[in-house]
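These notes concern the structure reproduced below.
Side-chain atoms are counted along with the backbone in the values below, which use heavy atoms only and exclude waters and symmetry mates. Indexing begins at 1, ligand by ligand and atom by atom, following the structure's order.
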Amino acid sequence: MNNNRIYLSSPHMGGLEKEYIKEAFDTNWIAPLGKNVDEFENEVLDYVKSKGALALSSGTSAIHLALKLLSISEGDYVFCSDLTFAASCNPILYEKGIPIFIDSEKDSWNMSYKALEKAFNFARENNKLPKAVIVVHLYGQSADMDNIKKICDEYKVPIIEDAAESLGAMYKGTMTGTIGKYGIYSFNGNKIITTSGGGMLISEDIESINKARFLATQARENKPYYQHKELGYNYRLSNVLAGIGRGQLRVLEDRIKKKKEIFCRYLDGFKKLKEISMMPIREYGSPNFWLSCIRINDNSKVNPKDIIDKLNEENIEARHIWKPMHMQPLYKKYMFFKEGDEAISEQIFKEGVCLPSDTKMTEEEQEKVISLVRRVIYKEKV
Ligand SMILES: *Cc1c(COP(=O)(O)O)cnc(C)c1O
């Protein structure tokens with residue numbers, strides 16, 4: 001890695017990770033499972049206050065298992081947030097389901113309950129309700145869960161919370177990932193805490209978690225020989241990586257605090273620029289501020305690419321907002337429901353930039369990012 005580069009969000013070890021890994025080595029519990037995996041599950045449960053957890057090799061595998069537990073199969077509808085990373089909906093296609101995308105609301109960039117209502121009206125009129133709704137908590141901010149849940153409860157359709165980006169973020173005092181029937185977290189390298197790669201499935205329903213554990217461990221029946229009745233997967237997290245996760249959990253609250261400071265510094269740095277607004281934060285929750293994202297005003301002559309290129313010239317990483325699923329070649333043939341005439345997710349994509357939000361970034365480095373963005377807006381020569 002280039003030490004001078006300022007990153008969007010890179011791994012930030014707390015120091016205790018090595019202790020847990022060392023213990024795994026000392027006891028030769030390198031594999032298959034072991035104490036770190038069990039404790040990592042317990043510690044996450046303690047933190048988010050839920051009942052059942054399953055440590056997995058990725059957030060994507062956690063979403064896949066949640067869909068398996070809900071018996072998603074060929075031709076089933078699954079509703080999903082439109083403005084997200086493709087991993088939110090790829091598992092729907094693994095099971096030959098049919099994704100239907102739901103637009104964002106302007107005020108949080110998360111799933112619009114009004115667009116969700118429209119999709120449900122369509123499904124009801126066609127006598128085919130979705131088997132699940134995948135709600136993403138984008139960039140570390142909770143979606144409007146009361147309004148979304150109210151509609152899903154009315155139709156008795158379970159929610160899978162894709163909390164890959166939002167570990168530690170709350171909705172009205174409850175941890176994201178613990179509100180729906182299932183929740184998933186990701187510990188990929190760029191997330192707020194990381195195991196280098198990993199994920200977790202969460203539910204109050206311990207029986208389902210046990211079923212997922214069985215499926216994730218090659219679906220081996222409890223027999224003295226290898227007996228298989230169901231199709232299984234090799235999705236468990238290794239005991240070494242779970243050790244990294246245990247160390248990372250100890251610094252999660254620090255990371256959230258730091259991410260919030262970064263967000264607030266950008267907010268302050270851009271407050272006089274009418275051309276730029278931060279991702280809006282709704283008052284119902286407390287985000288983990290995983291990524292600080294901006295939107296460039298409509299009538300400004302500047303594109304996201306101008307800012308991204310400028311920062312990149314200075315060895316600073318910035319990125320476009322997730323390109324909405326309904327605009328992806330892989331997904332554009334599927335239905336997409338929006339609140340009104342304009343797709344809000346599309347607007348956000350056209351005007352949005354994710355700015356460096358690395359917790360190792362210094363104040364001076366962030367000030368540099370702010371002044372570079374300002375210069376692009378004012379088209380000053382550096
Ligand atoms: C990162 C991410 C995932 C996938 O998690 P992995 O651990 O990388 O498989 C899923 N959904 C969203 C919204 C993500 O940001």
Which class fits the ring pair F101 and Y334: parallel under 30°, tilted 30 to 60°, perpendicular over 60°?
perpendicular
Check the orientation of H64 and Y235. Use parallel for under 30°, tilted for 30 to 60°, and perpendicular for over 60°.
perpendicular
Looking at the rings of F337 and F122, which for Trp means the six-membered one, are their centres under 6.0 Å apart?
yes
Applying the side-chain contact (heavy atoms from CB on, under 4.5 Å) test to H137, which of S142, S108, P287, S81 qualifies?
S142
Is it the case that the side chains of Y7 and S357 hold a donor-acceptor pair, with the cut-off being a distance below 3.5 Å and no angle test?
no
With sequence neighbours excluded, give me every ring-ring contact (aromatic ring centres under 6.0 Å, His included) pair touching residues 151-178.
F120-Y155, Y171-Y284
Report each N/O pair between ligand 1 and the protein that falls under 3.5 Å, naming both atoms.
{"from": "ligand 1", "atom 1": "5 (O)", "to": "S186", "atom 2": "OG", "distance (Å)": "3.3"}
{"from": "ligand 1", "atom 1": "7 (O)", "to": "G59", "atom 2": "N", "distance (Å)": "2.7"}
{"from": "ligand 1", "atom 1": "7 (O)", "to": "S186", "atom 2": "OG", "distance (Å)": "2.7"}
{"from": "ligand 1", "atom 1": "9 (O)", "to": "G59", "atom 2": "N", "distance (Å)": "3.3"}
{"from": "ligand 1", "atom 1": "9 (O)", "to": "T60", "atom 2": "N", "distance (Å)": "2.9"}
{"from": "ligand 1", "atom 1": "9 (O)", "to": "T60", "atom 2": "OG1", "distance (Å)": "2.5"}
{"from": "ligand 1", "atom 1": "11 (N)", "to": "D162", "atom 2": "OD1", "distance (Å)": "3.3"}
{"from": "ligand 1", "atom 1": "11 (N)", "to": "D162", "atom 2": "OD2", "distance (Å)": "2.7"}
{"from": "ligand 1", "atom 1": "15 (O)", "to": "E165", "atom 2": "OE2", "distance (Å)": "2.6"}
{"from": "ligand 1", "atom 1": "15 (O)", "to": "K191", "atom 2": "NZ", "distance (Å)": "3.3"}

